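Only one structure is covered here, and it is reproduced in the block below.
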There are 2 protein chains.
Amino acid sequence: MKLPSENPVRVIECLKSLGLTKYEALVYIALLKVVTATASEIHEISGVPRASVYTVIDQIIDKGLVSVSQSAPKRFAAISPEDAITRLMGRIEKDAQYARDSLSSVYRERMNPGLGTGELIWNIYGIENIKKRFTDLISGAKREIRIIAHPQFLTTDIQQKLTSRANQINIEIISPHWVGGIPKKLSVFIIDPPEIPKEFDKVKDMMAGGVCIIDGRYVLVILGLGEEDAVALFSESEGFVRFFVRYYALIFDWAKKTGMKEAAGN
Amino acid sequence: MKLPSENPVRVIECLKSLGLTKYEALVYIALLKVVTATASEIHEISGVPRASVYTVIDQIIDKGLVSVSQSAPKRFAAISPEDAITRLMGRIEKDAQYARDSLSSVYRERMNPGLGTGELIWNIYGIENIKKRFTDLISGAKREIRIIAHPQFLTTDIQQKLTSRANQINIEIISPHWVGGIPKKLSVFIIDPPEIPKEFDKVKDMMAGGVCIIDGRYVLVILGLGEEDAVALFSESEGFVRFFVRYYALIFDWAKKTGMKEAAGN
DNA sequence: CTCTTGTTGTTTTTGTTATAACAACATTTA
DNA sequence: TAAATGTTGTTATAACAAAAACAACAAGAG
């Protein structure tokens, strides 16, 4: 009776990012299955070469995941997965905290931009990274946010983030449609997606993700939604921002003419 | 102006356990120092070979820690350490959760002891691992806990743990002394450390850590407090437990005769 | 004697680290 | 303007270290 989620490879990958090696993970998992085992039994269950079992076991004993019996032959037993993972995470969190502290002080004391860094256009790759940056920007906005959004990009968590900020700052969203209820304080304008002639399909794809203007000072342009090839541009460049502010106004006006359904929360 | 805590090697180790390589860490830290840099500048600041900078940068771009400019030459910028570490930790926590879920189901469905596993005596190495196991046992106790403790072992967190359980179960502690106030419900008996003749000093050292009897069914014996060589024995073996129950009674009686100061909380 | 256990080296493999070479392009110098 | 020089971005590949896999063997148990 296998649970659907039981993917041995995936579990091992996970344990690796908690600081175990493949063998350590295999041996630990083997021990979870049997309460108690000798080195040879571990070898049989886990597939780890018998000779390696001993050194590997030593390593996970050091990590406190396993204890050894006095008997001959020695028997080994694993602690519960909850305890084990808590223990591994504990170490990592301690490290994370140390890194946070050290790096924050580096960050605060860092040199100031020698170059007009604000004129640069930055690339961000990968849909996850883009989303994260997007929510960071939403969090950091001081006055207002204007968004032209592909609905696919307005995922639940981003909607939540927007909603949570709607009390403090002015948020305007233009989108072909909106899933779920629209919260108060959030101005959402539903427009029909513009009828773009077939031959311009590529352009349509390019602008797929949308545009986000923060405080009239930064712009994030999302250029694709595919898992792999997603790219976003980010800039504080005056010209860049001006272009997209106008672009936004254009879309807004155009949408108004062609019958935009306002759906602002009261 | 350096902070005392700024240890570059240590920070890199920490970032490694968050899943970065040494080079990735070096490059990221270099970027934190300067807001923006070209590949060559990164090379100069970080000491990473210039040719390697490009591949390393690609890797941390994938991880979302850095973005690239459109300019020529390309310029790179890092996200804030808080954001970066949060992001890295996010991945790890997701992995931890997955591992927790998968392994718990393995753990629940595991085979039952073929051997009289209860008769075994288990070794636990390392002071940290022992303490962790100790607190786990305290958490799991059903009825009562009896402890003969070396005061060095009764650290603040363990005292807290004991205190927090004192309402539900019966806890008795025998110790040469006790630091801080004794909470209600906790029976603490202060005894003078037994006068052991000089020639038995080694024995004294051996028992340094103390004995802990849980529900009269499990025993944890701690055999040393040195950071390195600490070992604990754990067993459910009937004989083993009986021995230490008697040992406990012996100490208790002997202490009473030689004038034990009871210091039980009311 | 035979099998298992525990231990120790040694090889293979893998991933990271380090160096070298080169094409494309920009800058300087004659 | 042409040649020399330097920089950038890319690729190939050598060196190295850690992990994985294998081989050999002494000690003890049956």
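Any value given below was found using the heavy atoms of this structure, including those in side chains, with hydrogens, waters and symmetry copies removed. Model, not experiment: these values are computed from the prediction. Every chain is numbered from 1 and lettered A, B, ... according to where its sequence line falls, protein lines coming before strand lines.
- One interatomic measurement links the two molecules: CD1 of B/Ile61 to C1' of D/dG9, which rounds to 13 Å at whole-angstrom precision.
- A salt bridge is defined here as a Lys NZ or Arg NE, NH1 or NH2 lying under 4.0 Å from an Asp or Glu carboxylate O, and B/Glu128 with A/Arg87 fails to meet this definition.
- Distance from the side chain of A/Arg50 is smallest to D/dA24 among C/dA21, C/dT19, D/dA24.
- No hydrogens or angles considered: nothing links the side chains of A/Ser102 and B/Arg10 as a donor-acceptor pair under 3.5 Å.
- Summarising the geometry, the separation between CD1 on A/Ile12 and P on D/dA20 is reported as 10 Å, rounded to the nearest angstrom.
- A salt bridge does not link B/Asp95 to B/Arg91: none of the charged nitrogens lies less than 4.0 Å from a carboxylate oxygen.
- Distance, A/Gln59 CD to D/dA19 P: 7 Å, rounded to whole Å.
- A straight line from NE2 of A/His43 to C1' of D/dA20 spans 14 Å, rounded to a whole angstrom.
- Positionally, the nearest nucleotide of DNA chain D for B/Thr38 lies more toward the 5' end than for the other of B/Thr38 and B/Thr55.
- Contact annotation: A/Ser40 reaches the phosphate of C/dT5 (side-chain N/O to OP1 or OP2, under 4.0 Å).
- Nucleic acid contact class of A/Ala51 (heavy atoms, under 4.0 Å, all strands): base.
- B/Arg242 has a carboxylate O that lies under 4.0 Å from a charged side-chain N of B/Glu238, or vice versa, which qualifies the two as a salt bridge.
- Remark: B/Lys22 is not in phosphate contact with C/dG15, judged by side-chain N or O atoms under 4.0 Å from OP1 or OP2.
- One atom, CD of A/Glu24, and another, P of D/dA20, lie 8 Å apart when rounded to the nearest Å.
- Considering only side-chain N and O atoms, A/Ser52 lies nowhere under 4.0 angstrom from the phosphate OP1 or OP2 of D/dA20.
- The side chain of A/Tyr54 places no N or O atom within less than 4.0 Å of a non-bridging phosphate oxygen (OP1 or OP2) of C/dT7.
- Ring to ring, A/Phe244 and A/Tyr248 are not that close: their centroids are 6.0 angstrom or more apart.
- The CD-P distance, from A/Glu13 to C/dG15, rounds to 10 Å in whole Å.
- The side chain of B/Thr21 lies closest to C/dT17, out of C/dT17, D/dT8, C/dT7.
- Within the nucleic acid shown, B/Pro73 comes within 4.0 Å of sugar-phosphate atoms alone, with no base atom in reach, counting heavy atoms only.
- Computed from coordinates, the A/Ile57 CD1 to D/dA20 P distance equals 14 Å when rounded to whole Å.
- Summarising the geometry, the separation between CD1 on B/Ile42 and C1' on D/dT7 is reported as 15 Å, rounded to the nearest angstrom.
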